[in-house]
2 protein chains.
Amino acid sequence: MYSYEYPRPSVTVDCVIFAWDSESSDLKVLLIERAHNPFAGNWAFPGGFVDMDEDLETAARRELEEETGMNDLFMEQLFTFGTPNRDPRGRVISVAYYALVSLAHHADQIKAASDAADTRWISVKDLSEIELAFDHQEVMKIALERLRGKVRYQPIGFELLPEKFPLSQLQILYEHVLGTTLDKRNFRRKILKTKLVIPLDEYQQNVSHRAAQLYKFDKNKYEQLVKEGFVFEI
Amino acid sequence: MYSYEYPRPSVTVDCVIFAWDSESSDLKVLLIERAHNPFAGNWAFPGGFVDMDEDLETAARRELEEETGMNDLFMEQLFTFGTPNRDPRGRVISVAYYALVSLAHHADQIKAASDAADTRWISVKDLSEIELAFDHQEVMKIALERLRGKVRYQPIGFELLPEKFPLSQLQILYEHVLGTTLDKRNFRRKILKTKLVIPLDEYQQNVSHRAAQLYKFDKNKYEQLVKEGFVFEI
DNA sequence: GTTTCTTAGTGTTTTTTATACACAAAGTAA
DNA sequence: TTACTTTGTGTATAAAAAACACTAAGAAAC
């Protein structure tokens, strides 16, 4: 154990908050423009210090709620970044989390947050051209890899969609995250075979073409099936 | 940033060092018996404080080398544990890593380490009956889940075997880690189809039955194939 | 109100991959 | 020489993945 005289690192949490924008079919992340140095004017993931009596995930959820107004989102620890000079002010070890949220579903809450002058949803595909603070480009890279890897064997894609969605939206989401194209018939067959999506007696509204049937994800059924050894796979 | 008066957590690294004992076909981890309180007499994973100017992985590799005498092992960040009261002495955040090593291959170095009175290789299957310090049972659980998950889509099983091994050893290793039985012919076909194992003109020695042909893993070829988009899968 | 445009929704065939399964040959020990 | 243990090998069946194209619905434009 360090003596009290011995310097200790600071410990922070950072949150990569992914959102799927159904309108524009675009994967976005929430970024904050830094007002002060270091990296004033650059963008950074929301984050902050971990309180001394606070659990890491609790701290991450607190940051998440502060920025989006939402709790109870899908959230998972991503990676811990601790390169000695990642923060010029001193030794800062950052435990990164990533969260998934549907932009359409929570449009109202999120809008409040994103209306703040210094907070913005930025498309993942534009991110390489933006100056990110600290090692947040690296954080982003690892978050994307994780999302890509995980979406195939855990039904987390649904966390990014509104409660009710057409299957085409789900397919487009998968295609964007995985960076591939998928055959419509094969994709629908596969999804429906899992029995994890429930068809509703509702249809898309305000579209200028045939309206698609809406479905919802049956999370309870999934959790029950997992206990029985079921493994989701796309 | 915390002011210097504000208390900060300590940050440690802990290493779950997995080894495969070919002799007894047994998966083991390296544990240290604690001499002092808290948890005197209990077993714990090797670990220690991160120096202020030291990278996290560097710290983990330093601990690993101190305990096993080996460097350059397969090692990966596992998870960061930070529940406020996981260490009764104060707030300690532990970044856990896991490493893979072949017991047979490095028998000499490891023996030196494991000969120390307080250091021992303990079979994973006996671990639930052993009193582990801190939250190390939880660490163990997560390390095993990771190993099980990862072994199927990354050729890390080879890291646990000696340089030259018969295919039967590889199969037994997979069966133990995955907790299943595998068909010999199908398993061999699958492994050979990847072209990642090179058959040698050498055979098992000192066995009281027909000696099996030895193979070695072609790591360079694997890394090259990965660049071309190859995905290992068992 | 007919035409145009866009997206929804649906089956079958072929190819690939996974699974199930058994016996002869090698080599050591008794 | 016999018994025992482990190696090493092929085929047939079942399941899953991939490839592929047209009709129907509905809104918008003319």
Side-chain angles (χ1 to χ4, degrees), chain A residues 22-26 104 151-153 155 161-162 164-176 178-216 225 229-234, chain B residues 22-25 104 151-153 161-162 164-176 178-216 225 229-234:
Chain A
S22 300
E23 314 287 304
S24 59
S25 290
D26 212 5
V151 87
R152 286 181 41 221
Y153 61 92
L161 290 175
K164 303 170 181 182
F165 54 87
L167 293 185
S168 57
Q169 266 302 318
L170 185 64
Q171 182 178 344
I172 293 169
L173 167 59
Y174 269 88
E175 288 178 333
H176 274 247
L178 297 176
T180 54
T181 61
L182 299 167
D183 180 86
K184 181 165 54 158
R185 282 176 288 193
N186 294 339
F187 180 78
R188 291 170 76 97
R189 192 189 356 259
K190 211 180 223 176
I191 293 292
L192 294 174
K193 208 186 62 182
T194 68
K195 304 271 187 188
L196 291 176
V197 292
I198 305 170
L200 304 173
D201 285 331
E202 291 181 62
Y203 293 81
Q204 276 182 315
Q205 290 188 339
N206 304 322
V207 287
S208 70
H209 53 77
R210 178 176 174 183
Q213 190 175 11
L214 299 180
Y215 291 77
K216 71 176 187 187
L225 287 175
F230 168 82
V231 183
F232 177 86
E233 229 183 307
I234 290 294
Chain B
S22 299
E23 315 286 303
S24 59
S25 291
V151 86
R152 285 182 41 222
Y153 61 91
L161 291 176
K164 301 170 181 181
F165 55 87
L167 292 185
S168 58
Q169 266 302 317
L170 185 64
Q171 182 178 344
I172 293 170
L173 167 59
Y174 268 88
E175 289 177 333
H176 275 249
L178 297 175
T180 54
T181 61
L182 300 167
D183 180 87
K184 181 165 55 157
R185 281 177 288 194
N186 294 340
F187 179 78
R188 292 169 75 97
R189 194 193 349 261
K190 214 179 222 177
I191 293 292
L192 294 174
K193 208 186 63 181
T194 67
K195 304 271 188 189
L196 291 176
V197 291
I198 305 169
L200 304 172
D201 286 332
E202 291 181 60
Y203 293 82
Q204 275 183 314
Q205 291 188 339
N206 305 321
V207 286
S208 69
H209 52 75
R210 177 175 174 183
Q213 189 175 11
L214 300 180
Y215 291 77
K216 71 176 188 185
L225 287 175
F230 168 82
V231 183
F232 177 86
E233 228 182 308
I234 290 294

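The sequence lines fix the lettering, A, B, ..., with proteins before strands; numbering per chain opens at 1.
Taking 3.5 Å as the limit, the base of dA22(C) and the side chain of R185(B) contain a donor-acceptor pair of atoms between them.
Across the protein-nucleic acid pair, I234(B) atom CD1 and dT17(C) atom P stand 14 Å apart, rounded to whole Å. Here dG9(C) presents its P atom at 13 Å from CZ of F187(A), a figure rounded to the nearest Å. One can place NZ of K184(A) at 15 Å from C1' of dA19(D), the figure rounded to the nearest angstrom. Distance CG (D183(B)) to P (dG10(D)): 14 Å, rounded to an integer number of Å. Atom CZ of R188(A) is separated from atom C1' of dG11(C) by 13 Å (rounded to the nearest Å). Counting to the nearest Å, the C1' atom of dT17(C) and the CD1 atom of I191(B) are 16 Å from each other. Taking atom CD of residue Q213(B) and atom P of nucleotide dA25(C), one finds them 19 Å apart after rounding to whole Å. In this structure, CG of L182(B) is placed 13 Å from P of dA18(C), rounded to the nearest angstrom.
Nearest nucleotide to the S208(B) side chain, out of dT10(C), dT6(C), dT28(C): dT28(C). The side chain of R210(B) has dA25(C) as its nearest neighbour among dA28(D), dT9(D), dA25(C). For N186(B), the listed nucleotide lying nearest its side chain is dT19(C); candidates were dG8(D), dC20(D), dT19(C).
Counting heavy atoms from C-beta outward, V151(B) and L173(B) have side chains that stay 4.5 Å or more apart. In this structure, L225(A) and L196(A) have side chains that are in contact, with non-hydrogen atoms separated by less than 4.5 Å. K216(B) has its side chain out of reach of E202(B): every pair of non-hydrogen atoms, C-beta onward, lies at least 4.5 Å apart.
The ring pair (Phe, Tyr, Trp, His ring centres under 6.0 Å) pairs that include a residue from residues 187-206 of chain B are Y174(B)-F187(B), where partners are two or more places apart or lie in different chains.
One finds a side-chain N or O of S168(A) lying less than 4.0 angstrom from the OP1 or OP2 phosphate oxygen of dA8(C).
Here the side chain of Q213(A) pairs a donor or acceptor atom with the backbone of L200(A) at under 3.5 angstrom.
Each of Q204(B) and R189(B) lies near DNA chain D, and the nucleotide nearest Q204(B) is the one positioned closer to the 5' end.
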